A.B. asks: 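Dropping a structure here in structure tokens format, bear with me for questions.
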Protein chains: 2
Amino acid sequence: MGVTTKDIAQICKVSRTTVNRALSGTGRISEETKELILRTAKELDYHPDILATSLKNGKTQNLGVLVFDIRNQYFAQMVNAIELEAKKKSYFVSINLHEKNKDTEKEILEKLVDYRVEGIIMSPVSKGKNFAKFVNKLGKPVVIIGNNVDESIPFVGIDEATAAIEAVNHIYSKGYRKIVFVCPPLSDAKNENVFTHEQRKKGFEAAVKKHKDIEQDIISGWDYLDKVIALMKNRSNEEGGKTAFFCSGDIYALEIMKALRGMHLKAGEDFGIMGFDNIDVLDYVIPRLTTIDNAVDMVATEAVNVLFDLINGKEVKDKTIVPHLLIEGETL
Amino acid sequence: MGVTTKDIAQICKVSRTTVNRALSGTGRISEETKELILRTAKELDYHPDILATSLKNGKTQNLGVLVFDIRNQYFAQMVNAIELEAKKKSYFVSINLHEKNKDTEKEILEKLVDYRVEGIIMSPVSKGKNFAKFVNKLGKPVVIIGNNVDESIPFVGIDEATAAIEAVNHIYSKGYRKIVFVCPPLSDAKNENVFTHEQRKKGFEAAVKKHKDIEQDIISGWDYLDKVIALMKNRSNEEGGKTAFFCSGDIYALEIMKALRGMHLKAGEDFGIMGFDNIDVLDYVIPRLTTIDNAVDMVATEAVNVLFDLINGKEVKDKTIVPHLLIEGETL
DNA sequence: TTGAAAGCGCTAACAG
DNA sequence: CTGTTAGCGCTTTCAA
């Protein structure tokens with residue numbers, strides 16, 4: 001590569017140790033030589049070899065981020081915030097996508113360790129004790145966002161269940177008595193980590209139980225659009241009040257609105273609908289979707305901070321809960 | 001860290017060189033010892049220290065990506081594709097955001113070099129000969145996407161100007177004779193690289209020149225929404241045919257549609273509008289925006305491939321042009 | 001205040 | 001077929 005401390009040492013006619021002292025500012029050294037060394041270093045455009053330094057002290061100034069994908073706006077926003085926060089601390093962020101593949105996820109985690117990232121922030125697709133054990137064995141600080149694994153790994157996120165309860169109450173307060181929860185497949189999820197959706201569902205169930213007059217339903221599965229359409233066809237002539245869909249993710253809500261628009265049913269008029277996440281896109285969709293803001297920026301920033309605490313050997317909480325916010329739109 | 005070749009050597013009672021030979025598969029070595037070594041390596045869960053290897057051979061298996069931000073869906077899609085392609089070649093991707101700050105951009109580039117990424121893919125905010133010189137001085141393979149800098153740095157993208165011409169012709173074919181080009185500030189752009197928008201504008205100008213009966217206008221600046229609204233107010237009672245907006249970016253189009261919806265003007269009925277980029281979001285916006293698909297996945301994939309050619313010392317073209325596609329929606 | 005020397009873990013040239 | 005040796009560039013004792 002370029003200029004090394006050896007070169008500087010030769011030129012300044014001192015030892016590499018002295019050069020090192022001047023450069024690092026540690027240890028006793030005469031002002032004269034120090035100045036000389038610093039000056040020549042600048043002249044030669046000396047850049048320390050970070051690989052060598054890393055090899056020596058084990059610090060790489062790299063963080064690994066592992067998420068599903070970043071076409072998904074939720075994660076894009078998340079990674080964006082993580083990068084900004086990490087940059088403040090002069091850390092690099094290695095972005096890695098597992099694409100919901102559990103093998104890929106494990107491979108990447110191992111590779112990240114091989115590459116000596118100092119810590120990892122991840123939204124896992126795997127779950128369970130075995131996976132937790134695997135993660136703990138990595139011997140690296142790890143922070144989980146989104147899908148919780150277990151108490152052995154620090155988690156940062158919002159209180160999904162409580163947020164869902166608030167959502168249901170809000171829907172109820174708008175006069176809806178038929179409320180349908182829409183989410184991706186949960187039970188069959190072959191070991192896939194769908195913690196967030198499970199929590200939201202729990203919240204939904206807890207909330208509807210409180211209101212005796214709610215007629216509730218749950219639509220779960222990738223064919224949710226068909227199910228929603230079928231349901232709306234059956235109910236279209238019904239007099240028992242309008243139906244509201246509470247979707248475990250804004251994208252589901254957007255898809256449903258799109259599909260029902262095909263049936264000339266308008267959100268906020270012919271049916272109610274609420275999402276979850278408050279992704280940036282919503283700004284451009286009419287009518288404005290009512291949703292829960294899950295504070296993705298704050299979650300990301302907190303995650304980075306917790307990770308740094310771990311890296312620096314501090315104690316951290318099992319769970320860091322960040323406040324969510326109900327965003328009122330026009331779809332209820 | 002963990003187990004080293006030294007440990008294995010001791011246990012197998014051979015030299016480290018032999019261990020290395022077994023592990024790397026190079027050089028002559030007896031099957032017996034090779035097997036023994038590989039077996040114990042596996043037993044001890046040996047992982048090579050990549051930092052040491054990198055230090056030795058100068059290869060880090062890391063690529064740097066430097067873009068504006070990834071809340072911007074265009075870049076999110078881009079980075080997503082880059083990661084997937086890089087992963088195929090077992091490379092990591094370091095994601096870096098310059099946030100349109102030219103100093104940040106330079107700093108990051110230098111840091112990436114310090115950290116020995118093997119190559120960089122970037123969509124720069126800086127431009128001009130000086131910046132090109134700076135980039136070339138880095139001594140690293142660099143590929144530019146989006147905003148071109150100059151011929152000295154390989155570029156991958158679509159033919160923006162031609163795409164814009166096609167867009168205008170398409171708008172014309174739909175019967176519009178008043179066409180307004182909407183773009184961010186170009187001329188004043190204090191040295192900011194707005195190459196893509198400039199090219200699109202060039203295409204627009206070339207195309208309208210071909211049609212003598214087009215009444216054209218250009219709205220440029222961050223206050224474009226105000227200008228658009230003012231323009232529509234003036235024309236609302238006019239009989240000279242409807243106006244079409246050709247926006248240098250889908251987001252501008254979405255913003256305009258949103259704003260004009262506030263005036264009860266519907267895209268595709270009261271005015272025409274066309275975007276550029278075909279970001280994922282459009283799937284959820286009604287009416288479907290007519291736009292140009294700029295093949296972000298293909299651009300990203302190509303960029304990675306060109307970068308690898310550079311890394312491997314192959315000759316590459318100044319420009320790699322990827323085909324675009326006109327996407328017909330409902331807004332014209 | 002400065003320097004010599006050893007070592008991080010891996011690799012490669014050169015011997016044997 | 002295997003081992004010795006030196007070295008990547010930096011850091012850190014320890015000794016002068």
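Order of the sequence lines sets the chain letters (A, B, ...), proteins ahead of strands, with each chain counted from 1. Predicted model only: the values in this text are computed from it and were never measured.
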A.B. asks: Please report the closest heavy-atom contact between B/T196 and B/N147, naming both atoms and the distance.
C.D. replies: N-OD1, 3.2 Å
A.B. asks: Ignoring the backbone of B/K6, work out which of C/dG3, C/dG9, C/dC8 is nearest its side chain.
C.D. replies: C/dC8
A.B. asks: Determine: side-chain N/O of B/S30 to OP1/OP2 of D/dT2, distance under 4.0 Å, yes or no.
C.D. replies: yes
A.B. asks: Identify, between A/T4 and B/K13, the residue whose nearest nucleotide on DNA chain D lies closer to the 5' end.
C.D. replies: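 Nearest-nucleotide comparison on DNA chain D picks B/K13.
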A.B. asks: Can you check each nucleotide of nucleotides 11-16 of chain D against protein heavy atoms at under 4.0 Å and return B for base, S for sugar-phosphate only, - for none, in 5' to 3' order?
C.D. replies: BBB---
A.B. asks: For the pair made of CD in B/E31 and P in D/dC1, what is the distance, rounded to whole Å?
C.D. replies: 9 Å
A.B. asks: Have a look at the helix from C/dT1-D/dA16 to C/dG16-D/dC1 and give the angle its two end axes make, five pairs each, rounded to 10 degrees.
C.D. replies: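 What I find for the helix from C/dT1-D/dA16 to C/dG16-D/dC1 is an axis angle of 50°.
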A.B. asks: Once ring pair (Phe, Tyr, Trp, His ring centres under 6.0 Å) is applied, what residue pairs with a partner in residues 74-109 of chain A remain, sequence neighbours excluded?
C.D. replies: A/Y91-A/F308, A/F92-B/Y115
A.B. asks: B/V65 and side chain to side chain contact (heavy atoms under 4.5 Å, CB included): which single residue from B/V79, B/L97, B/I70 fits?
C.D. replies: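 That would be B/V79; it is the only one of B/V79, B/L97, B/I70 passing the side chain to side chain contact (heavy atoms under 4.5 Å, CB included) with B/V65.
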A.B. asks: Among residues at least two apart in sequence or on other chains, which ones pass salt bridge (charged side-chain N to carboxylate O under 4.0 Å, His left out) with A/D150?
C.D. replies: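 Salt bridge (charged side-chain N to carboxylate O under 4.0 Å, His left out) list for A/D150, sorted by chain: A/K129.
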A.B. asks: With a 3.5 Å cut-off and no angle check, do the side chains of B/S126 and B/E105 form a donor-acceptor pair?
C.D. replies: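 Yes, side-chain donor-acceptor contact under 3.5 Å.
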A.B. asks: Rounding to a whole Å, what distance do you find between B/L55:CG and C/dG7:P?
C.D. replies: 17 Å
A.B. asks: Which residues pass the side chain to side chain donor-acceptor pair (under 3.5 Å) test with B/K111, not counting sequence neighbours?
C.D. replies: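 Partners of B/K111 by the side chain to side chain donor-acceptor pair (under 3.5 Å) criterion come out as none, since no residue qualifies.
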A.B. asks: Mind checking what makes side chain to side chain donor-acceptor pair (under 3.5 Å) contact with B/K88, not counting sequence neighbours?
C.D. replies: B/E85
A.B. asks: For C/dG3, take OP1 and OP2 only and decide whether either is under 4.0 Å from a side-chain N or O of A/S15.
C.D. replies: yes
A.B. asks: Would you mind checking if A/R39 and A/E35 are paired as a salt bridge, meaning a charged N to carboxylate O distance below 4.0 Å?
C.D. replies: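 Here A/E35 does not pair with A/R39 in a salt bridge, since their nearest N and O are not under 4.0 Å apart.
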A.B. asks: Here's a test of your reading of the structure: between A/T33 and B/H47, which maps to the more 5' nucleotide of DNA chain C?
C.D. replies: A/T33
